[in-house]
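Here is the structure we will look at, set down as structure tokens.
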4 protein chains.
Amino acid sequence: MDLGRVQRAAVNLFATKGFAATGIRELGAEAGINSATLYHYVGSKESLLALIIRSCLTELTDAGTRAMRCSADPVVQLAGLVSSHVGITAVNQLTARVAEYEMRALTEVNRAELQAMRDEYEMLFGQVLERGHRVGSFEIEDTTMCRLAILEMCTGVAHWYRPGGRLGLEEVQRYFVGAACRLIGVDRSELDGADYLQEVRRLDSEPAAHSADVWGTGTLAY
Amino acid sequence: MDLGRVQRAAVNLFATKGFAATGIRELGAEAGINSATLYHYVGSKESLLALIIRSCLTELTDAGTRAMRCSADPVVQLAGLVSSHVGITAVNQLTARVAEYEMRALTEVNRAELQAMRDEYEMLFGQVLERGHRVGSFEIEDTTMCRLAILEMCTGVAHWYRPGGRLGLEEVQRYFVGAACRLIGVDRSELDGADYLQEVRRLDSEPAAHSADVWGTGTLAY
Amino acid sequence: MDLGRVQRAAVNLFATKGFAATGIRELGAEAGINSATLYHYVGSKESLLALIIRSCLTELTDAGTRAMRCSADPVVQLAGLVSSHVGITAVNQLTARVAEYEMRALTEVNRAELQAMRDEYEMLFGQVLERGHRVGSFEIEDTTMCRLAILEMCTGVAHWYRPGGRLGLEEVQRYFVGAACRLIGVDRSELDGADYLQEVRRLDSEPAAHSADVWGTGTLAY
Amino acid sequence: MDLGRVQRAAVNLFATKGFAATGIRELGAEAGINSATLYHYVGSKESLLALIIRSCLTELTDAGTRAMRCSADPVVQLAGLVSSHVGITAVNQLTARVAEYEMRALTEVNRAELQAMRDEYEMLFGQVLERGHRVGSFEIEDTTMCRLAILEMCTGVAHWYRPGGRLGLEEVQRYFVGAACRLIGVDRSELDGADYLQEVRRLDSEPAAHSADVWGTGTLAY
DNA sequence: CATGAATGAGTCTTCATTCAT
DNA sequence: TATGAATGAAGACTCATTCAT
């Protein structure tokens, strides 16, 4: 009846223990249904994972594409990409973590499809960096490494962000937009007046309340 | 003695498929020994993982500590930390990946110990950032987020770096030192003349030649 | 009403894959109905099987009994039994196969009932052979083995016969009547003028068209 | 340590309940080992079945080939084939039953291989019948149906024979040789002086003592 | 030092069946 | 009449680990 509930249970467990270490019975228990019933909603454990990752990548790509259309200025575009990426990652943090860590658990067909989606998404960053570099807006040595650095930095938000923590969502987004500007050698004031912030949606797969032990990390984080 | 071979086999498999998805028999096969023999070298599957992670964190901490002692200038210290982190991560890329991803596979005791080690290591970055901020060398808004951004960005090297790729190790190190400088609002020229590069050691646990399929990532990477 | 469709679907699958290897969902799919609906027509998977076997044995016994009443001459009686057995087996070949192979899948009560039916039927052959032997019409060493030999030989028709094959139904029936005559040491000409052929009915449970792969057998058969 | 024991346990259960209805745990219990241990001896449930059927067909073919070489006289050759077939089938009755009934449980590759073996074996009968027909030794209408009739009749021995029953092995063999002679229109006395009986071997897969319930058949049989 | 044999608990998935709708 | 949802038990098979040799 509620596929969302199953997804959220799965994300909770996959993010905490990992896909391979999560049993199907455990999944059922977390979702409040019998493990056999789970197969009514989902063809297999893997296809459940694929569903989760796919919806996450779709959201990222859609929002990224919208960000690209918002402006013709590479600086604003990058700001849009970064804030969108950070926003989605922070709000759907466990889902994002699963999408990052568990790609390898997929078998050939699913992996090929979803890796292609991720590549397509990351290319958005590559394109903006290339263009900003070409037209002289950015001061970059190596666009490839710059793309990787920005993406890893932003994706990392999924590793430490906690809703209700010291900083609010928009503050974090703004911080990373600023960081990205520094990495591309652009003064942040260039963005003054630009409206690059999109609304961020919580995915169906994102658990509402995080159980405490989801945070394996120590006392240092954030 | 041959423990190194076991470790390398383990890292190869853990990095590719993950700890939970790797069987003990598979490990034996990769290492060229019977799975039962494996228990002569290693107490259990988990203690093998713990050994790998521990040696990686020890290496990071030792090198980081050396970097801190090299200079009193926060800028040089941070450059040392970053270059060391990137260097170790790149050279021992699969080991680093395992140390990053598989912490959650550990049971309580091991996790507590190793998480403490990681926290202690990351604190080195925090301390330098704090001091650089306090003495006015750095231009930072939020030291915590800055630390997280730098660390995630640098650790990400383990996700895409390939030995023998387009850029050499030192180029990559230098790039990230430069990136870190930008993030802390320091001109890279401040490092002119400073010798912050340490030699980077390949760990016993790092496989010499990476099988191609270790790289799940698509065509975009690096 | 549509019970026939269910039976035919069942026979198709039971004959091909066996009772135990056939799922209830598969049955539903083959019959074109939901697996739950199946329980409206049939109490359980086993009772469906019992129904099929029962109707097959009833047909055999009824026809056998009629054959016995047709004549007082043991030779003609046996010819009637054999032609009837072969005819029913050939025309309802899949049903007959199920009735032969899947008796063991039944639980106690059903098995007892249906095994008794089969015994009763086979006794018809035993009685004729006994009498033919006693009155000196047959030249037999051992009536029991003779009965078994004739029955196995005739039942075997279900294993290789194909409607539309090289030989027609009546030809096959006649062949086996001749073979039986030889086995009991009687010249076939003794049957000249005797009308022992009955019309053969297709059972409700017999699928009309056999899917090709029902025939697991190789190129040799018939 | 004793693959034979596993095979015998399997044959016992497969013959009684059928392959599909036999659980792996049941197999282990019957063989006196843990179900997991079973996988040390046998790759899978199916490969266990294939092993059993293969060894049975190999025995039949070997003995049949020897019978063919014993004489150039088609009558003697057929007598050799029949006595060998009946002998092996009777002595390895449960194995033979499994080989007959459970071919369909095999998946493609195994089925193709083993069906080819059975076809090759049955061709021996076909060849003898063809030649005896051609040279005028036999009085046959249709060699194909004659082959099928003889084979079904003889294979049927596996359905009712009981060691220690009323008739001894050689008596049964001699009976079926006589029956085959009648079916091909040859006087049994033609075999006087011919030595066509081979020694019959018990296969590794044949259980020594049959548990009572192996006999699903009723009171009539033999 | 090395290994084949062994196992209880676990894996994911399918089973026949029931029942509210 | 018909079905989607639901489930406890069972399916085949793999697991990490131990131990006698």
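Sequence lines set the chain letters: A, B, ... in the order given, protein chains first and strands last, and positions in each chain run from 1.
- In this structure, the CG atom of A:L3 is 11 Å from the P atom of F:dA5, given to the nearest Å.
- When the side-chain contact (heavy atoms from CB on, under 4.5 Å) test is applied to D:A50, the partners found at least two apart in sequence or on another chain are D:R54, D:L106, D:N110, D:L114.
- Interatomic distance, CZ of D:R118 versus CD of D:Q115, reported as 7.5 Å (0.5 Å rounding).
- To the nearest 0.5 Å, the span separating CG on A:L94 from CG on A:L203 amounts to 11.5 Å.
- Scored by the side-chain hydrogen bond (donor to acceptor under 3.5 Å, both in side chains) test, D:K17 finds D:E26 as partners (sequence neighbours excluded).
- With sequence neighbours excluded, the residues that form a side-chain hydrogen bond (donor to acceptor under 3.5 Å, both in side chains) with C:R104 are D:E102.
- Rounded to an integer number of Å, the gap from CG of D:L27 to P of E:dT7 is 15 Å.
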Heavy atoms under 4.0 Å is the rule here; annotate nucleotides 14-21 of chain F 5' to 3' with B where the base is hit, S where only the sugar-phosphate is, and - elsewhere. BBBBBB--
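- Atom NZ in D:K17 sits roughly 12 Å away from atom C1' in F:dA10 (whole-Å rounding).
- Here E:dA2 presents its C1' atom at 13 Å from CZ of B:R5, a figure rounded to the nearest Å.
- Rounding to whole angstrom units, CG of residue D:L38 and C1' of E:dG4 are separated by 16 Å.
- Judged by closest nucleotide on DNA chain E, B:I33 is the one of D:I33 and B:I33 placed further toward the 5' end.
- Residues forming a ring-ring contact (aromatic ring centres under 6.0 Å, His included) with A:Y101 (at least two apart in sequence, or on another chain): A:H159, B:Y101.
- To the nearest 0.5 Å, the span separating CD on B:E30 from OG1 on B:T22 amounts to 9.5 Å.
- Overall bending of the helix from E:dA2-F:dT21 to E:dT21-F:dA2, expressed as the angle between end axes built from five pairs apiece, is 0° (10° steps).
- The two residues C:L38 and C:G28 make their nearest non-hydrogen contact at CD1-N, 3.7 Å.
- Within the 4.0 Å cut-off from OP1 or OP2 of F:dT1, not a single side-chain nitrogen or oxygen of C:T37 is found.
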